[in-house]
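Scope of the values below: all heavy atoms of this structure, side chains included, with no hydrogens, waters or symmetry mates. All chains are named by letter (A, B, ...) in the order of the sequence lines, taking the proteins before the strands, and each is independently numbered beginning at 1. Predicted model only: the values in this text are computed from it and were never measured.
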Number of protein chains: 2
Amino acid sequence: MIKVIVVEDHPIMVEGLKNILRTDLTINVIGDYGNGKSVLQALEEKDHPDVILMDVNLPDVSGINLTTEIKKKYEDIKIIALSVHDEQPVIHSMLQNGASGYVLKNALGNEIIKAINTVMDGEEYLCTSTREALKSADQDLLKAIPRITRREKEILQLIGKGLTTIQIAEQLFISTHTVESHRKNLMEKFGVNNTTSVVKLAAEYKLL
Amino acid sequence: MIKVIVVEDHPIMVEGLKNILRTDLTINVIGDYGNGKSVLQALEEKDHPDVILMDVNLPDVSGINLTTEIKKKYEDIKIIALSVHDEQPVIHSMLQNGASGYVLKNALGNEIIKAINTVMDGEEYLCTSTREALKSADQDLLKAIPRITRREKEILQLIGKGLTTIQIAEQLFISTHTVESHRKNLMEKFGVNNTTSVVKLAAEYKLL
DNA sequence: AAGAAAACCCCTGTTTTCCGGGATTTTTTT
DNA sequence: AAAAAAATCCCGGAAAACAGGGGTTTTCTT
């Protein structure tokens, strides 16, 4: 019996998943949680699952961070990412941080079951569209999502709001030079050469 | 018997919705479609539903445009929007274009049933979080999503890629002045004063 | 306690965008 | 066929962002 827990904040989606998983008698959904905090708590207190089906976009933490954290503490739990995003950096970051599978939400139900069985066999599972997305970008150039600091994020948000460097400096009580440094660092981390692209990418990766 | 069709590109979600709607015996799901084109075709050929449950983000057309089109041809079909977005302009645009209800995807199953019954009674239904989102923005200032032209969209995408005005002009074989005009118009339509904000908003409203 | 990373600060010159006016020609839509 | 909307082009001055160097002080992490 494979014990599975579902981490997903859309009840309707949870309903659908459970329904699909019910058709496979070797799978047993032992719990579902709508945010990162409650899963972490459940893992401490309750029975461990074999597999976690995890939505990448949760209300409290990003699936990427949650995966890292869970894998650090419980390395034998397999994690399958469930996502609407087929951007390479998102996929790549999830896999790098310990996910064993990546399934897009537009996948058919049986893909999920296949994914669970595959990762239980110790292999990696990527759904068809994910594989497509990954192969189009050549191996070595695969970029992960840049890790940005608190401050950078803060500044990114203000830029997104349309504030200028001067306004940001005033609001945060720091010098305009500092703001420009952060701008520079952001551009470098994202590998682009103007803030507009940074904002676009950040929005894409849901960092805003 | 209320005839319902579901327009949603995530099979798992469809599964969940059907499952929930099955619990109400007065509701009958007569079909489901994964994109805009197939619904429009089905409406021409098949039996009309009373209510359409429609995802706002479809692979081919935006839910906003699809709603407009369906309402133009079949004004008595009630449309309930299903969405992950709680941005005011998105909600506002849907309602303005004829949707009778707006339910966020993190809603509980019974909210959907309530929504269907409410719109069948001729009233408008908004889920709790939607109402929250709307009331925080003051009535008169409610902005709809700007309607941008083909060319503007094209330019917006190039800006998002990080190209400068000169590069865009070269690529599209038009003068830099033209590009600047488009830039200006975009900023005006979105009500902001730099292109970065335009890109951010466009990303938010899924116009990119 | 060291070392690394983050956050902070500073400068100058160049490029690009923004703002404020215009105007003409194609397309669509009615 | 007329009217409206979109797309095109033009200018000059002001404001902001970018590029590319430099450096110090906190704050994590090991």
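Look at CZ on A:Arg183: it is 14 Å from C1' on C:dT15, rounded to the nearest Å. Atom CD in B:Glu188 sits roughly 12 Å away from atom C1' in C:dG20 (whole-Å rounding). If you take CZ of A:Arg150 and C1' of C:dC8, they are 14 Å apart, rounded to a whole angstrom. As a whole-Å value, the separation of B:Met187 CE from C:dC19 C1' is 8 Å.
Between B:Ser181 and A:Lys184, it is B:Ser181 whose nearest contact on DNA chain D lies nearer the 5' terminus. Along DNA chain C, the nucleotide nearest B:Thr195 and the nucleotide nearest A:Lys189 are compared for position; the residue whose nucleotide lies closer to the 5' end is A:Lys189.
From the 5' end on, the contacts that DNA chain D makes with chain A at under 4.0 Å to a non-hydrogen atom open and close at D:dA16 to D:dG21.
In summary, A:Glu8 and A:Lys105 engage in a salt bridge, as defined by a charged side-chain N under 4.0 Å from a carboxylate O. Using a cut-off of 4.0 Å between Lys/Arg side-chain N and Asp/Glu carboxylate O, A:Glu154 and A:Arg151 are scored as salt-bridged. Salt bridge present: A:Lys18 and A:Asp32 bring a charged side-chain N and a carboxylate O closer than 4.0 Å.
Contacts between residues 164-180 of chain A and DNA chain D, counted as heavy-atom distances below 4.0 Å, involve A:Thr164, A:Thr165, A:Ile166, A:Glu180.
No donor-acceptor pair closer than 3.5 Å links the side chain of B:Thr176 to the backbone N or O of B:Ala169. Put simply, the side chain of B:Thr149 gets close to the backbone of B:Glu152: a donor and an acceptor are under 3.5 Å apart.
Judged by distance alone, the side chains of A:Asn35 and A:Ser38 do bring a donor and an acceptor atom under 3.5 Å apart. Under 3.5 Å, the side chains of B:Tyr102 and B:Ser83 contain a donor-acceptor pair of N or O atoms.
Nucleic acid contact for B:His182: base, since at least one base atom lies under 4.0 Å from a heavy atom of the residue. Within 4.0 Å (heavy atoms only), A:Asn185 reaches no atom of the nucleic acid at all.
Put simply, A:Arg147 has a side-chain N or O that comes within less than 4.0 Å of OP1 or OP2 on C:dA6.
One finds the CG atom of B:Asn65 at 11.0 Å from the CD1 atom of B:Ile70 (value rounded to the nearest 0.5 Å).
Tested against B:Ile168, the residues B:Ile174, B:Thr178, B:Ile159 include a single side-chain contact (heavy atoms from CB on, under 4.5 Å) partner, B:Ile159.
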